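To start, the structure under review is shown below, and the notes come after it.
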Amino acid sequence: MIKTAANKSRASGRITLAMVAERAGVATMTASRAITQPDMVSQALRDRVEQAVTELGYVPNRAARALASSQSKVIAVLVPSLSNAVFTEVLAGVQDALDADDYQILIGNTRYSDKEEEKLIGTYLQSNPDGMLLSGLSHSPRVQQILTNSRVPVVSMMDMSTDPAQLTVGFSQFQAGHAMTRYLIEKGHKRIGFIGAQLDERTLRRAEGYRRAMLDAGLADIKLEVMVGEPSTIALGAELVGRMLAQAPDCDAIFCCNDDLAHGAIYQCQRRGIAVPSQLAICGFNDLPASAWMNPSLTTIGTPRYRIGFEAARLLRAVIKGEQPANRQIDLGFTLMARESA
């Protein structure tokens with residue numbers, strides 16, 4: 001007996017495109033076109049192929065489609081955390097932007113580690129992704145080399161690059177840190193502390209903005225900074241505000257590098273009987289959902305997290321299609337949310 005592709009597939013138990021074509025009574029290439037380019041065939045033929053797909057439970061082979069079209073329809077997205085609400089909102093924006101084009105998303109959690117980022121990028125490049133979305137601008141020399149050699153289009157998210165050729169979507173972390181500090185200075189505060197944790201590149205750039213504003217106002221003092229490498233938590237914010245007040249008892253305002261730390265700082269002040277903001281103003285960063293509902297409500301920096309993911313994915317999709325974007329850098333800005341805590 002001559003073994004056809006359909007006969008071989010029956011022997012292996014795997015449903016193939018040839019079997020779908022046989023069930024629909026069409027050529028294999030016609031069945032492929034009905035699935036991948038439905039606008040190229042009649043509605044009646046498309047219905048027959050779709051019915052065969054449903055009856056057989058056929059799942060298209062993406063690897064084969066990638067070889068045929070030179071596109072994998074896969075986008076790799078790397079974020080530093082999957083538990084941080086900031087990055088879950090970014091991922092939601094990415095998914096909504098790519099769903100219409102039938103892209104599959106490979107999501108990687110770098111855990112704020114250069115080595116983990118190197119490993120994930122090396123692994124994902126084996127899937128021949130059409131493009132990558134990376135969080136931040138700072139990468140190890142090894143990652144830079146891998147990305148350059150791969151020639152895969154990359155869009156960086158969350159900050160703005162000084163290189164006009166780099167594809168970037170986000171806002172200036174430096175300017176946001178500077179703006180919050182200037183706000184506190186203009187409110188009359190002189191002894192403004194900065195609390196930072198995790199010490200990733202975004203935290204460090206916010207700290208740079210804080211320092212520049214303090215220097216320009218003649219208020220800089222190293223005693224007003226508490227910086228630790230531990231992951232941010234509410235409990236850590238409570239601990240660090242105590243450390244700040246121990247080393248700078250005359251501190252009259254604290255700018256926390258994120259809202260989690262700021263929430264903990266406010267709770268600790270309440271436990272200690274420190275009135276916020278009359279005795280100590282507290283500010284955060286990111287405007288998490290709970291921040292507007294605290295008592296007092298938290299003054300913070302609102303960041304367009306969903307839009308960053310959405311616009312970054314749209315920009316990458318345009319580049320993959322061979323388009324030349326008019327703007328390679330999209331600055332979505334930030335919003336200073338002035339509330340009761342400062």
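These figures come from a predicted structure and were not determined experimentally.
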Stepwise side chain to side chain contact (heavy atoms under 4.5 Å, CB included) test for T299 and M180: CA-CA 9 Å; T299 294; M180 179 58 84; 4.0 Å; yes

Next on the checklist: Would a single hydrophobic cluster contain both I185 and F174, if residues Ile, Leu, Val, Met, Phe, Trp and Tyr are joined by side-chain heavy-atom contacts under 4.5 Å?
Outcome noted: no

Exercise for the section: Give me the ring orientation class for H263 and Y267: parallel if the planes are under 30° apart, tilted from 30 to 60°, perpendicular past 60°. Expected result: tilted

Residues A217 and R182: closest non-hydrogen pair is CB-NH1, 4.3 Å

When you compare the side chain of T168 with that of M157, does any pair of heavy atoms fall below 4.5 Å? no

Rounded to the nearest 0.5 angstrom, the CG-CE distance for D200 and M158 is 9.5 Å

- Message: Test your reading of the model: is there a side-chain donor-acceptor pair from Q173 to the backbone of A207, 3.5 Å cut-off?
- Response: no

query: According to a 4.5 Å side-chain heavy-atom criterion applied to Ile, Leu, Val, Met, Phe, Trp and Tyr, with indirect links allowed, do M214 and L204 form part of one hydrophobic cluster?
result: yes

Between the CD atom in Q198 and the OG1 atom in T233, the distance rounded to the nearest 0.5 Å is 10.5 Å

Review point. Should L332 and L336 be counted in the same cluster of Ile, Leu, Val, Met, Phe, Trp and Tyr side chains packed under 4.5 Å apart?
Key: yes

Query raised in the report: Is Y183 reachable from V276 through a run of hydrophobic residues whose side-chain heavy atoms are each under 4.5 Å from the next?
Result: no

(Q) Can you confirm whether I301 sits close enough to T335 that some side-chain heavy atom of one is under 4.5 Å from a side-chain heavy atom of the other? (A) no

- With a 4.5 Å limit on heavy-atom distance, are the side chains of V169 and F310 in contact? no

Between T303 and N286, do the side chains contain an N or O donor and an N or O acceptor separated by less than 3.5 Å?
yes

Which donor-acceptor pairs under 3.5 Å do the side chains of residues 238-245 make with protein atoms, sequence neighbours left out?
unit_1, atom_1, unit_2, atom_2, d
E239, OE2, R243, NH2, 2.9

In terms of heavy-atom contacts, F171 and P304 come closest through CD2-CD, 4.2 Å

With a 3.5 Å cut-off and no angle check, do the side chains of N128 and S72 form a donor-acceptor pair? no

Requested in this report: Answer yes or no: is there a side-chain heavy-atom contact under 4.5 Å between L261 and L236?
Outcome: yes

When every non-hydrogen atom of A275 is compared with those of S278, the smallest separation belongs to CB-OG, 3.2 Å

Fill in: Close side-chain approach of L316 and P153, heavy atoms under 4.5 Å
yes

Is there a side-chain contact between C257 and I195 (heavy atoms, below 4.5 Å)? no

Rounded to the nearest 0.5 Å, the CD1 atom of I192 sits from the NZ atom of K187 at a distance of 12.0 Å

Give the C-alpha distance, both sets of side-chain angles, the deciding distance and a yes or no for side chain to side chain contact (heavy atoms under 4.5 Å, CB included) between Q104 and L98.
CA-CA 8 Å; Q104 294 297 307; L98 296 178; over 6 Å; no

* Stepwise side chain to side chain contact (heavy atoms under 4.5 Å, CB included) check, L17 with I35 -> CA-CA 10 Å; L17 183 61; I35 293 170; 3.7 Å; yes

* Give a yes or no on whether the backbone of I282 and the side-chain of S341 come within a donor-acceptor separation of less than 3.5 Å. => yes

*Close side-chain approach of R142 to I146, heavy-atom, < 4.5 Å*: yes

Measure up the F255 and F285 rings against each other and bin them: parallel (under 30°), tilted (30 to 60°), perpendicular (over 60°). parallel

Notebook entry, point to check: Is L167 reachable from I320 through a run of hydrophobic residues whose side-chain heavy atoms are each under 4.5 Å from the next?
Noted result: yes

What one should report as the nearest heavy-atom pair of E201 and S135 is OE2-O, 4.1 Å

Between D101 and R317, does any NZ, NE, NH1 or NH2 come within less than 4.0 Å of an OD or OE carboxylate oxygen?
yes

| Does a salt bridge link R206 with D159, judged by any charged N lying under 4.0 Å from a carboxylate O? | no

All N/O donor-acceptor pairs, side-chain side in residues 74-84, below 3.5 Å, sequence neighbours left out:
unit_1, atom_1, unit_2, atom_2, d
S81, OG, S83, N, 3.2
S81, OG, S83, OG, 3.3
S81, OG, N84, N, 3.1
N84, OD1, V86, N, 2.9

Taken to the nearest 0.5 Å, the spacing of K73 NZ from D102 CG works out to 6.0 Å

Exercise. Taking NZ, NE, NH1 and NH2 as the nitrogens, is one of them in D221 or K223 under 4.0 Å from a carboxylate oxygen of the other?
Worked result: no

Do S291 and D259 have side-chain N/O donor and acceptor atoms under 3.5 Å apart?
-> yes

So CG of L147 and CE of M132: to nearest 0.5 Å the spacing works out to 6.5 Å

Would you say R46 and Q43 are linked by a side-chain donor-acceptor pair, where the criterion is simply a distance under 3.5 Å?
yes

Under 3.5 Å, is there a donor on one side chain and an acceptor on the other for S156 and Q166?
yes

Q: Please check if the side chain of Q329 supplies one atom and the backbone of S161 the other of a donor-acceptor pair under 3.5 Å.
A: yes

(Q) Does Q95, at its CD atom, have more than 12 non-hydrogen atoms belonging to other residues, nucleotides or ligands within less than 6.0 Å? (A) no

For residues 209-236, the ring-ring contact (aromatic ring centres under 6.0 Å, His included) pairs (sequence neighbours left out) are F194-Y210

S140 and E117 side chains, donor-acceptor separation under 3.5 Å: no

Look only at the side chain of S32 and the backbone of T28, and say whether a donor-acceptor pair between them is shorter than 3.5 Å. no

Step-by-step side chain to side chain contact (heavy atoms under 4.5 Å, CB included) determination, D114 to H139:
CA-CA 7 Å; D114 286 345; H139 308 286; over 6 Å; no

query = Should the heavy atoms of other residues, nucleotides or ligands under 6.0 Å from CZ of R191 be counted, would the total exceed 12?
reply = yes

Between R23 and A52, the two heavy atoms sitting closest are CG-CB, 3.7 Å

Quiz prompt | Electrostatic pair R211-E208, nearest N-O below 4.0 angstrom | solution = no

Counting C-beta onward and ignoring hydrogens, is there a side-chain heavy-atom pair between L45 and T30 closer than 4.5 Å? yes

Subject >> Presence of salt bridge, R339 and D287, under 4.0 angstrom >> reply: yes

For a side-chain hydrogen bond (donor to acceptor under 3.5 Å, both in side chains) check, start with the C-alpha distance between S232 and N258, then their side-chain angles and the critical distance, and finish with the verdict. CA-CA 8 Å; S232 292; N258 60 49; 2.7 Å; yes

Value for OG1 (T123) from CD (E118), rounded to nearest 0.5 Å, stands at 11.5 Å

Residues H189 and D252: closest non-hydrogen pair is ND1-O, 3.3 Å

